[in-house]
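One structure is given here, and the rest of the page talks about it.
Heavy-atom basis, side chains included; hydrogens, waters and symmetry copies ignored.
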Amino acid sequence: MAIAQPLDSAQELLTVEEESWGKIIWRRFRKHKMAIFGMVTLTLIFLFSYVGPLLRPYPESCRVIGQSKRDCVIDAVVNVYAPRSAEHPLGLDDVGRDTLTRLMYGGRISLFVGLSCAILSTIIGIVIGAVSGFYGRWVDAMSMRFVEFMLTLPTLPILLIIAAIRAKGGANFINVLIPTPIASAAGSILSMKPEEARDVLGLVLILVVFGWMGTALLVRGTVLSLRTLEYADAARALGASSWRIIRRHMIPNSLAPIIVSVTLAVGDFIIIESALSFLGFGVRVPTPTWGNMLTNTQAYMFVNPWLALYPGLLIFLTVLSINYIGDALRDALDPRLKE
Amino acid sequence: MTNSVQTNAPVQTQANQAAVAGDGQGTNEILLDVRNLRKYFPIRGGLLQKVVAQVKAVDDVSFTVRRGETLGLVGESGCGKTTTGRAILRLVEPTSGEVFFEGRDVLKARGKELKALRRDIQIVFQDPYASLDPRIPVGESIAEGLAIHGMGTPEERRQRVQEIIRKVGLHPNHVRRYPHEFSGGQRQRIGIARALVMQPKLIICDEPVSALDVSIQAQVLNLLKDLQREFGLTYLFIAHNLSVVEHISDRVGVMYLGKMVELADRDRLFSHPMHPYTKALMSAIPLPDPTVKRERIILQGDVPSPIRPPSGCRFHPRCWMAQEICAQLDPAFEEKEPGHWVACHFAQ
């Protein structure tokens with residue numbers, strides 16, 4: 001003991017950590033090889049979607065009829081399902097549009113919808129779940145009954161009704177909720193007109209409204225057990241407000257399952273979006289998304305299976321990459337794990 | 001059951017007033033005054049979650065703590081000593097009773113008042129593993145109280161944390177580390193630092209050494225004593241280990257099944273215990289000298305359930321001195337000798 005003490009402190013002086021929090025996380029993150037793969041892949045997919053279209057000479061939704069050849073390449077009669085060529089590396093689709101270009105534009109919307117839905121619904125889920133679990137009693141009872149109510153709602157029929165109302169045209173009651181600055185901001189990200197972007201945001205809104213309950217239940221369960229730990233009492237004894245305890249102690253400590261759920265949610269939302277697009281809600285053809293490209297090719301699967309493969313592969317790669325990143329992030333953010 | 005509590009209450013209050021008057025050579029000498037504190041935990045059941053029973057964790061406990069002293073609180077597991085500590089800090093809301101800290105009514109404090117009180121009263125927890133947030137570097141955990149109360153600039157806080165961490169025997173470099181990188185004893189020192197950094201007047205030590213190795217226990221106890229001397233602290237020291245309590249306390253209160261049964265100066269209590277329960281406890285302390293023979297009092301049976309405590313004196317089913325009256329009348333907590341309070345019909 002007497003000998004160990006000076007050695008110990010000497011060593012401490014040598015290894016004074018001047019590493020920032022970010023650096024520590026990055027060092028741990030790097031250890032996950034698959035996460036690096038995921039980061040690289042995801043970056044490539046983002047570049048593909050947001051920079052790629054600039055390199056292609058075709059607009060994403062060009063139609064065969066009534067557009068100039070320069071925009072739309074395509075000979076509707078002869079070149080539909082044209083095989084891959086130097087000019088069209090992934091061929092043409094059922095109405096003769098350049099598949100590669102449409103994949104790129106579709107990526108913008110799919111990534112945007114997937115990420116924004118996942119993030120927004122997680123934030124809502126965290127807040128409701130944490131408050132519910134922390135306060136308990138009637139707050140918990142009320143919010144959990146509400147969560148159960150939301151879960152019992154048959155989402156798809158409701159969305160169908162909304163889609164039907166929407167299809168009637170006129171004032172879109174959901175889009176009214178979205179303020180113009182946000183719509184035009186989204187429009188510039190997606191390179192869309194604000195009205196079109198508003199449609200996409202309307203979809204995001206609906207998906208978030210129906211998509212936060214899982215996270216809320218997850219966070220509630222975690223917080224329910226965390227709040228009984230002594231460090232919650234310790235914070236309270238120091239005079240911390242409930243909100244501070246939730247923010248500083250409850251949420252950071254329930255991060256691990258949250259990160260896993262948010263990464264899974266991204267993929268889920270991309271796929272739900274495709275189902276809704278198929279039903280005529282949200283993003284409608286000809287505006288491409290990976291989801292609706294996938295859905296639309298169903299009828300032509302046997303003529304040209306590639307058309308289904310491309311968007312499917314991109315969805316798969318995106319979800320996989322995000323999951324790997326999420327895994328690594330969860331480990332990197334947990335100080336308890338060994339270096 | 002309810003009857004006995006009601007009949008007993010006025011007697012108890014009188015006894016307490018006597019305590020205040022008796023102790024108070026100057027009333028300002030009393031830092032903490034706990035009167036008739038009760039905490040019943042409801043047990044809910046049935047379809048409508050009606051209250052079907054109550055756990056009487058703390059049932060009519062009164063005592064005072066003088067400035068600068070250490071009041072030990074001993075008792076078996078489940079006797080309500082921890083709940084008493086937590087109720088004083090309002091970590092659990094007491095069912096009834098009064099708590100005064102420097103004349104301020106703790107149980108009626110709201111918002112800012114309560115926050116200010118929590119600056120003056122701090123707590124050190126039993127479990128050094130659960131009482132520190134694993135995701136926050138210990139330096140930040142220690143500084144949290146300062147941040148909550150907006151004390152000092154971030155730079156001043158950092159310096160204060162460095163000072164405090166030295167005081168509790170750790171290295172300033174340790175502030176960046178996470179709780180899992182420390183041993184139990186070190187963590188308990190961090191817990192003490194977290195309480196100490198607020199410059200509190202009273203620290204409630206809730207079994208601070210029970211989870212530690214014996215060798216480490218001594219270190220932490222001595223640290224607490226040193227800090228008390230240096231900062232003029234007052235401790236309410238909760239423990240189940242009599243030797244620990246004897247080592248650190250000036251006065252000692254003994255609790256049994258939610259009641260205070262005896263309260264006296266340490267030396268007095270350990271040399272002349274008056275309550276049969278205290279006597280039994282004392283006889284269980286191991287003696288360092290094997291040649292000394294002592295009559296060992298072995299209690300019969302288990303501690304009864306605090307949901308349905310025995311009638312009259314709660315100790316009577318296990319007491320070898322019990323007579324008829326004990327089952328009928330709850331003995332008042334009275335000052336049988338100056339400064340020596342006992343709740344027993346046959347105290348001697």
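Using modelled atom types and a 3.5 Å distance limit, the side chains of A:Ser143 and A:Ser132 yield a donor-acceptor pair. A donor-acceptor pair shorter than 3.5 Å can be found between the side chains of A:Asp331 and A:His32.
In this structure, A:Arg330 pairs ionically with A:Asp327, as a charged nitrogen and a carboxylate oxygen lie closer than 4.0 Å. Salt bridge present: B:Arg158 and B:Glu155 bring a charged side-chain N and a carboxylate O closer than 4.0 Å. The existence of a salt bridge linking B:Glu102 and B:Arg67 is confirmed by a sub-4.0 Å separation between a basic side-chain nitrogen and an acidic carboxylate oxygen. Of the charged side-chain nitrogens involved, none lies within less than 4.0 Å of a carboxylate oxygen, so that A:Arg220 and A:Glu148 do not count as a salt-bridged pair.
When each of B:Ala195, B:Ser131, B:Ser141, B:Gly145 is scored by its heavy-atom pairs under 4.5 Å with chain A, the top score falls to B:Ser131. Between chain B and the residues A:Gly239, A:Ala237, A:Ala232, A:Ala234, the most heavy-atom pairs under 4.5 angstrom are made by A:Ala237.
Only the side chain of B:Gln122 has a heavy atom closer than 4.5 Å to any heavy atom of chain A. The contact between B:Ile121 and chain A is made entirely by backbone atoms, counting heavy-atom distances below 4.5 Å. For a residue to count as touching a neighbouring chain, one of its non-hydrogen atoms must lie under 4.5 Å from one of that chain's; by this rule B:Leu132 touches chain A with the backbone only. Residue contact with chain A, scored on non-hydrogen atoms closer than 4.5 Å, involves the backbone and the side chain of B:Arg194 alike.
The aromatic rings of B:His171 and B:His174 sit perpendicular to each other, their planes meeting at more than 60°, with 30° as the lower class boundary.
Of residues 241-252 of chain A, those residues lying under 4.5 Å from chain B by any heavy-atom pair are A:Arg244, A:Arg248, A:His249, A:Pro252.
Annotation: cation-pi geometry satisfied between B:Lys39 and B:Phe41 (NZ/CZ under 6.0 angstrom from ring centroid, within 45° of ring axis).
Considering all non-hydrogen atoms of both residues, B:His240 and B:Gly75 come closest at CB-O, 3.4 Å.
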